[in-house]
Amino acid sequence: MKIFKSKSDLKIYLAEEKKKGNRIGFVPTMGALHEGHISLVEKAIRKTDTTVVSIFVNPTQFDNKEDLDKYPKTFENDVALLESVNCDVLFYPSVDEIYDENVIAEKFDFDGLEHQMEGKFRDGHFDGVGTIVKALFEIVEPDVAYFGKKDFQQLQIIKKLVEKYNIPVKIKGMPIFREKDGLAMSSRNARLTKEHREAAPFIHKILKKARKKTGTKNAKEIIEWVENQFKQNPLLELEYFTIAEEKTLISAEKFEPKKRYRAFIAVFAGKIRLIDNVRFKNN
């Protein structure tokens, strides 16, 4: 696996790959890789000719400096994991390499997607996401980029970014990878205390139960039921639970035929914030 820290060196290398007719697959990450990330990398390897993974903890998408400072960094392990699946290229730039000492997010209009859910609780988060993803797309110029559906709102926003800026890349959303007990895989899981790790599978358990209620209850009643379930759990603090239409991400109070809905949740397990989502069946 080739490792690049310079965007100019990476661009020169990938230009040669494209001259050979190779299609570029891209998986952007913030490191602390787990099986979910590796599933994206393996998909890119199967479907494209040259697979590029980036590891970059992007400062402009963090609204909490403590979360940024404590974000897990496991570079040697990440390299070993990527080499084990025969990844072709790792891009591992510094903050200065990406931002040229001007660590400020661009402002984006994602047609309202950025104001829902995560956007309400994480000020400026999606401006930071848009800034780094746009920059990485300009550097790597991939044919296909792979993202996990755990960050479903982010996935929809990246699709909107590509549409609005006419970026020639196909965005592929991939299934959520879960631990055996149902907890969605996340780099932040490593920071959970033993007690909170044992409590965290409750999140997915409640999501599955909520999904089963779609035939008998409207969205508002399901939301109230979920909120009451978390009031009874002393280890997990619900930040939000909502059911939204997949395309617009606008919260729903009732289900309309022919629309696709998804339930979204954010929960604090101690100081660690966990998110998850599940697709609701069409009516």
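Owing to the predicted nature of the structure, the values given are computational and were not obtained by experimental measurement.
Residues Phe110 and Phe126 place their aromatic rings such that the two centres sit no closer than 6.0 Å. Aromatic rings of Tyr92 and Phe75 (six-membered ring for Trp) have centroids within the 6.0 Å cut-off, being under it.
Checking Ser251 against Thr242 by side-chain atom types alone, a donor-acceptor pair falls below 3.5 Å. Between the side chains of Asn58 and Thr60, at least one donor N or O lies within less than 3.5 Å of an accepting N or O. Between the side chains of Glu42 and Ser39, not a single donor N or O lies within less than 3.5 Å of an accepting N or O. A side-chain donor from one of Thr50 and Glu17 sits under 3.5 Å from a side-chain acceptor of the other.
Remark: side-chain polar atoms of Thr214 are paired, donor with acceptor, to backbone N or O of Arg211 under 3.5 angstrom. Under the 3.5 Å distance criterion, the side-chain polar atoms of Ser6 are matched with a main-chain donor or acceptor of Asp9. Without hydrogens or angle criteria, Glu253 side chain to Ala219 main chain gives no donor-acceptor distance under 3.5 Å. Judged purely by atom type and a 3.5 angstrom limit, Asp78 uses its side chain to pair as donor or acceptor with the backbone of Leu33. At distances below 3.5 Å, not a single donor-acceptor pair connects side-chain atoms of Glu66 with backbone N or O atoms of Asn64. Asp181 places a side-chain N or O within donor-acceptor distance of the main-chain N or O of Leu183, the cut-off being under 3.5 Å. Counting only distance, with no hydrogens or angles, the side chain of Lys149 and the backbone of Phe177 share no donor-acceptor pair below 3.5 Å. Using modelled atom types, one side-chain atom of Asp127 and one backbone atom of Phe108 make a donor-acceptor pair closer than 3.5 Å. Of the possible donor and acceptor atoms, none in the side chain of Asp100 sits under 3.5 Å from a partner among the backbone N and O of Asn102. Between the side chain of Thr74 and the backbone N or O of Asn77, no donor-acceptor pair lies under 3.5 Å.
The pair Asp63-Arg122 meets the salt-bridge criterion, with a side-chain N (NZ, NE, NH1 or NH2) lying under 4.0 Å from an Asp/Glu carboxylate O. Ionic pairing of Asp67 and Arg188 is present here: one or more N-O contacts between side-chain nitrogen and carboxylate oxygen are shorter than 4.0 angstrom. Taking 4.0 Å as the cut-off between side-chain N and carboxylate O, Glu198 and Lys194 count as a salt-bridged pair. Between Glu97 and Lys5 there is no salt bridge, since no side-chain nitrogen of the basic residue lies less than 4.0 Å from a carboxylate oxygen of the acidic one. With salt bridges taken as basic N to acidic carboxylate O contacts below 4.0 Å, none links Glu245 and Arg260. Looking at Lys259 and Glu246, no side-chain N of the basic residue comes within less than 4.0 Å of a carboxylate O on the acidic one, giving no salt bridge. Ion pairing of Glu163 with Lys159 is absent here, as no side-chain N (NZ or NE/NH1/NH2) approaches a carboxylate O to less than 4.0 Å. Under a 4.0 Å N-O distance rule, the pair Lys217/Glu224 does not qualify as a salt bridge. With respect to Asp49 and Lys18, no salt bridge is recorded, no charged nitrogen being found less than 4.0 Å from a carboxylate O. A salt bridge does not link Lys231 to Glu227: none of the charged side-chain nitrogens sits closer than 4.0 Å to a carboxylate oxygen. Ion pairing of Arg178 with Asp276 is present here, as a side-chain N (NZ or NE/NH1/NH2) and a carboxylate O approach within less than 4.0 Å.
Of all the heavy atoms in Leu68 and Val57, the pair that sits closest is CD1-CG1, 3.7 Å. Nearest heavy-atom pair across Ala210 and Trp225 is N-CZ3, 4.1 Å. Between Phe241 and Leu207, the shortest heavy-atom distance links the atoms CE1-CD2, 3.7 Å. The shortest non-hydrogen separation linking Tyr261 to Lys254 is OH-O, 3.8 Å. Contact between Ala184 and Asn189 at its shortest, heavy atoms only, is O-ND2, 3.1 Å. Nearest heavy atom pair, residue Ser187 against residue His37, reads OG-CE1, 3.6 Å.
Note: Lys247 NZ to Arg262 CZ = 15.5 Å, rounded to the nearest 0.5 Å. The CE atom of Met1 sits 10.0 Å away from the CG atom of Asn86 when rounded to the nearest 0.5 Å. How far NZ of Lys70 is from CZ of Arg191: 6.0 Å, rounded to the nearest 0.5 Å. The distance from atom CG of Asn228 to atom CD1 of Ile206, rounded to the nearest 0.5 Å, is 10.5 Å. Going from atom OG1 of Thr51 over to atom CG of Leu40 covers 11.0 Å, rounded to the nearest 0.5 Å. A distance of 8.5 Å separates CD1 of Ile55 from CD1 of Ile3, quoted to the nearest 0.5 Å.
Hydrophobic cluster membership is shared by Leu274 and Val278, with clusters built from Ile, Leu, Val, Met, Phe, Trp and Tyr side chains linked at under 4.5 angstrom. Residues Met185 and Ile38 do not share a hydrophobic cluster, defined by chaining ILVMFWY side chains whose heavy atoms lie under 4.5 Å apart. Under the 4.5 Å side-chain heavy-atom criterion for ILVMFWY residues, a single connected hydrophobic cluster contains both Ile223 and Phe255. The hydrophobic clustering, which links ILVMFWY residues whose side-chain heavy atoms are closer than 4.5 Å, places Val129 and Val140 together. Tracing side-chain contacts under 4.5 Å through hydrophobic residues (I, L, V, M, F, W, Y), one reaches Phe280 starting from Ile265; they form part of the same cluster.
Taking a 6.0 Å sphere around NZ of Lys73, one finds it holds more than 12 heavy atoms contributed by other residues, nucleotides or ligands. Other residues, nucleotides and ligands place no more than 12 heavy atoms under 6.0 Å from the NZ atom of Lys271. More than 12 heavy atoms of other residues, nucleotides or ligands lie within 6.0 Å of CG in Asp69, so this atom counts as buried by the packing criterion. Within 6.0 Å of CD in Glu106 there are more than 12 heavy atoms belonging to other residues, nucleotides or ligands.
Judged by the 6.0 Å and 45° rule, Lys134 forms a cation-pi pair with Tyr165.
Residues Leu235 and Phe202 have side chains not in contact (no heavy-atom distance under 4.5 Å, counting atoms from C-beta outward). Inter-residue side-chain proximity for Phe4 and Pro93 is flagged as unmet; no heavy-atom pair is nearer than 4.5 Å. Side-chain contact between Met30 and Tyr71 is present, with at least one heavy-atom pair separated by less than 4.5 Å. Looking at heavy atoms from C-beta onward, Asp109 lies in side-chain contact with Asp111 at the 4.5 angstrom threshold. With a 4.5 Å cut-off on side-chain heavy atoms, Leu161 and Ile157 do not count as touching.
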Practice task
Starting from the C-alpha separation in whole Å, work towards a yes-or-no answer on side-chain contact (heavy atoms from CB on, under 4.5 Å) for Phe147 and Lys172.
Solution key: CA-CA 6 Å; Phe147 295 85; Lys172 296 288 288 183; over 6 Å; no
Exercise for the section: Output, in order, the C-alpha distance, side-chain angles, deciding distance and verdict of side-chain contact (heavy atoms from CB on, under 4.5 Å) for Gln156 and Gln153. Expected result: CA-CA 5 Å; Gln156 297 298 74; Gln153 184 175 11; 5.8 Å; no
Exercise for the section: Could you check Glu239 against Val267 for side-chain contact (heavy atoms from CB on, under 4.5 Å), going step by step and ending with a plain yes or no? Expected result: CA-CA 5 Å; Glu239 184 174 47; Val267 174; over 6 Å; no
Practice task
Just do the side-chain contact (heavy atoms from CB on, under 4.5 Å) check on Val95 and Phe56 with the steps written out, would you?
Solution key: CA-CA 8 Å; Val95 172; Phe56 181 70; 4.0 Å; yes
Handout entry: Test salt bridge (charged side-chain N to carboxylate O under 4.0 Å, His left out) applied to Glu221 and Lys213, step by step
Key = CA-CA 9 Å; Glu221 289 172 329; Lys213 295 180 178 292; over 6 Å; no
